[in-house]
2 protein chains.
Amino acid sequence: MRPTMRDVARHAGVSLKTVSRVVNGEVGVRPDTAEKVNEAISALGFRRNDIARALRGGKRTRSLGLVIKDVANPFYSQIARGVEEVARLHDLFVISGCSDEDPARERHLIRSLCERRVDGLLVVPSAADHRYLIPELNMGTAAVFMDRPPEEAIRADVVLIDNVGGARSAVEHLIAHGHRRIACLADLPGIFTARERRRGYDEALQAHGIPVDESLVRLGPHDVAGAEAATAELLALGDPPTAVFAGNNRLTIGALRAIQAAGRTTALVGFDDFELADMLATPVTVVAHYPAEMGRRAAELLCRRMDGEDLPPQRVLLPTRLIVRGSGESPPI
Amino acid sequence: MRPTMRDVARHAGVSLKTVSRVVNGEVGVRPDTAEKVNEAISALGFRRNDIARALRGGKRTRSLGLVIKDVANPFYSQIARGVEEVARLHDLFVISGCSDEDPARERHLIRSLCERRVDGLLVVPSAADHRYLIPELNMGTAAVFMDRPPEEAIRADVVLIDNVGGARSAVEHLIAHGHRRIACLADLPGIFTARERRRGYDEALQAHGIPVDESLVRLGPHDVAGAEAATAELLALGDPPTAVFAGNNRLTIGALRAIQAAGRTTALVGFDDFELADMLATPVTVVAHYPAEMGRRAAELLCRRMDGEDLPPQRVLLPTRLIVRGSGESPPI
DNA sequence: CTGAAAGCGCTAACAC
DNA sequence: GTGTTAGCGCTTTCAG
């Protein structure tokens with residue numbers, strides 16, 4: 001069906017190797033020979049077969065594998081964008097898959113990507129054991145982790161957000177506005193970022209001599225509906241919180257819905273910026289960060305590893321920024 | 001570095017072919033032989049090389065190429081998600097790239113994907129000439145287009161949204177609420193969806209005997225700022241529109257900003273749903289559609305083509321749905 | 001400058 | 001049940 005170099009060679013009346021030289025822009029081909037070859041190439045519609053190319057010479061496949069939770073989620077799609085930008089610069093393709101936070105699927109994806117001989121792996125790891133990766137890493141597949149670190153045993157680079165610092169700055173902002181009864185909404189404690197952000201919340205309170213009141217902390221909600229219900233419960237307490245810190249954008253939206261529904265002016269600061277946060281009835285104060293930058297940085301580290309650079313495992317911490325919009329500045333009631 | 005089947009065979013004291021049989025779950029291997037082979041596999045950390053596998057026998061690479069404008073844009077990332085869901089069911093990998101609406105980059109991407117011998121191609125085409133694809137298609141690479149059709153000469157399946165019908169329903173909704181001076185904001189006329197939506201606007205007015213007033217039509221703005229400026233201009237007219245139809249989500253946001261800034265209650269219906277549309281100060285009435293479904297349908301069509309099904313080119317039209325939320329129901333002033 | 005031969009890691013087609 | 005041989009489409013020697 002598809003013509004091969006042999007076919008082109010036959011058509012042009014030269015040897016296979018000469019075609020190879022022309023196709024790869026090697027030197028040492030007379031212009032008129034090259035001309036003949038190029039004519040044959042377009043006459044036959046020849047396309048070099050990169051699969052065969054990668055096979056011979058243990059060549060790189062010029063591809064990297066990306067495992068994220070879900071591309072449809074803006075956080076991950078921005079990571080993917082950052083990765084793609086760097087990949088493009090290095091003439092690499094990105095082969096990606098969604099784990100949907102399922103460890104079995106994640107493992108299957110990584111295994112399949114290794115079977116396809118991707119030159120490197122970029123992974124947002126789920127809460128699971130990643131030791132199965134060790135043989136792959138030893139076998140020479142570079143890997144960089146994003147957003148959550150793998151276990152200690154895995155010696156690989158990782159790019160994280162400053163979760164603790166970001167959460168602390170959010171809660172300190174609320175304290176600065178006079179709040180002392182501040183609720184904390186965080187995702188499932190199995191998730192690294194949820195634990196870290198909760199830790200930032202604790203640290204901020206402690207630093208200001210405010211005891212942590214566990215009845216104001218809700219760990220577990222991980223969607224808008226769950227956060228809305230949890231917030232409604234908090235607002236219905238005898239002594240309700242005057243402010244809420246929400247650990248991610250879905251939790252922020254849920255909290256917002258509950259606060260609006262209750263007709264309160266409870267202050268709110270959320271982790272993660274989101275589109276239209278400034279256009280809502282109450283514009284939302286957030287701890288912003290830059291997922292695309294995370295993707296870029298991770299991809300850059302990976303490329304360096306792929307080029308054989310041999311540093312000790314890096315741990316990059318990306319900064320956050322508090323964006324003040326209104327919801328975080330309401331005074332305590 | 002990485003062990004091959006030969007190495008495994010040597011280690012297990014069997015022939016290469018026996019290893020191949022075990023690795024591929026073929027029948028006709030004694031359990032104890034299989035056992036030995038499996039031990040050698042884990043001892044050496046062997047991973048079958050899918051590159052070599054695809055080469056032999058003109059085998060499929062079990063991958064498909066996806067070319068979209070930008071993964072970071074929720075519209076495209078949802079398409080990507082739909083594609084990935086179907087790919088997963090068929091045990092296919094997705095190799096994707098962003099064209100950023102640059103025809104040269106799009107062409108480069110498609111070419112490279114063909115060189116990697118993807119089994120099929122899923123493309124959101126930019127406004128450009130796609131005839132260079134014809135040889136690839138003839139050479140057996142299946143292709144399905146999404147969101148915008150390629151030129152007539154390309155005989156391939158395409159999955160579209162009902163742009164005309166959706167726009168018409170939006171404008172008829174405004175007419176039903178008593179509006180007659182309805183503005184139209186649409187993207188660059190080079191873009192298929194922009195033209196089609198503008199056509200739906202015209203059709204709705206004509207169907208109700210309302211003459212099209214070109215001074216109320218703004219073609220060209222393609223970001224929030226541009227739409228905001230265009231809308232501000234419209235509102236400043238001596239005889240301003242009482243309602244606005246915005247041709248996509250960025251234009252809707254821009255219009256909304258301008259209307260809020262002017263302190264008006266101008267009615268607004270937008271094409272494309274977006275997150276938090278219901279949480280804004282004025283919840284936004286929209287023409288919703290389902291990008292993930294577009295990705296799924298396109299991927300399904302592609303898989304059927306890849307399986308050799310030979311129907312005439314299909315043209316799938318996905319329905320839209322008007323979601324009433326408030327902004328589209330204000331009466332004329 | 002150009003070409004012939006070997007072989008990347010695997011599977012298909014046949015032996016035994 | 002198991003092994004041997006050929007060869008996928010290309011690049012890499014090494015000769016001419």
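Chain letters run A, B, ... following the sequence lines, proteins first and then strands; every chain starts at 1.
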Quick one: which protein N/O atoms are closer than 3.5 Å to N/O atoms of nucleotides 13-16 of chain C? Pair and distance per line, please.
none

Report yes if at least one side-chain N or O of [X] is closer than 4.0 Å to OP1 or OP2 of [N]; otherwise report no.
X	N	result
Ser20(A)	dT11(D)	yes
Thr33(A)	dC1(C)	no
Thr18(B)	dT2(D)	no
Thr4(A)	dG9(D)	no
Arg56(A)	dT12(D)	no

What is the separation between atom [atom1] on [X] and atom [atom2] on [N], rounded to the nearest whole Å?
X	N	atom1	atom2	answer
Met5(A)	dT12(D)	CE	C1'	13 Å
Leu16(B)	dT11(C)	CG	P	9 Å
Arg6(B)	dT5(D)	CZ	C1'	13 Å
Arg53(A)	dG9(C)	CZ	P	17 Å
Arg48(A)	dC10(D)	CZ	C1'	10 Å
Asn24(B)	dT2(D)	CG	C1'	16 Å
Met139(A)	dG9(C)	CE	P	14 Å
Arg10(A)	dA4(C)	CZ	P	13 Å

Pick base, sugar-phosphate or nothing for Asp50(B), based on heavy-atom distances below 4.0 Å to the nucleic acid. nothing
With a non-hydrogen cut-off below 4.0 angstrom, is Ile51(A) in contact with a base, only sugar-phosphate, or nothing?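 Nothing, no heavy atom under 4.0 Å.
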Test item: [X] and [Y] side chains (from C-beta on) under 4.5 Å apart, heavy atoms:
X	Y	result
Leu133(B)	Phe145(B)	yes
Ser20(B)	Lys17(B)	yes
Leu55(A)	Ile51(A)	no

Just to verify, what does Leu317(B) make a side-chain contact (heavy atoms from CB on, under 4.5 Å) with, not counting sequence neighbours?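 Partners of Leu317(B) under the side-chain contact (heavy atoms from CB on, under 4.5 Å) test: Leu160(B), Asp162(B).
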What residues, two or more places apart in sequence or in another chain, satisfy side-chain hydrogen bond (donor to acceptor under 3.5 Å, both in side chains) together with Arg6(B)? none
Rounded to the nearest 0.5 Å, the CG atom of Asp147(B) sits from the CG atom of Asn163(B) at a distance of 7.0 Å
What's the shortest heavy-atom distance between Ala128(A) and Glu151(A), and which atoms?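 Taking Ala128(A) first and Glu151(A) second, the nearest heavy atoms are O-OE1, 3.1 Å.
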Which nucleotide wins on minimum distance to the side chain of [X], given the candidates [options]?
X	options	result
Val14(B)	dG9(C), dG3(D), dT11(D)	dG3(D)
Leu55(B)	dA6(C), dG9(C), dT11(C)	dG9(C)
Asn49(B)	dT4(D), dG9(D), dG9(C)	dG9(C)

With side chain to side chain contact (heavy atoms under 4.5 Å, CB included) as the test, would you mind laying out the steps for Glu136(B) and Arg2(A) before giving the verdict? CA-CA 9 Å; Glu136(B) 311 290 356; Arg2(A) 280 201 175 266; 3.2 Å; yes
Is the base of dG1(D) touched by the side chain of Arg30(B) through a donor-acceptor pair closer than 3.5 angstrom? no
First encountered from the 5' end of DNA chain D, between Asp32(B) and Arg117(B): Asp32(B)
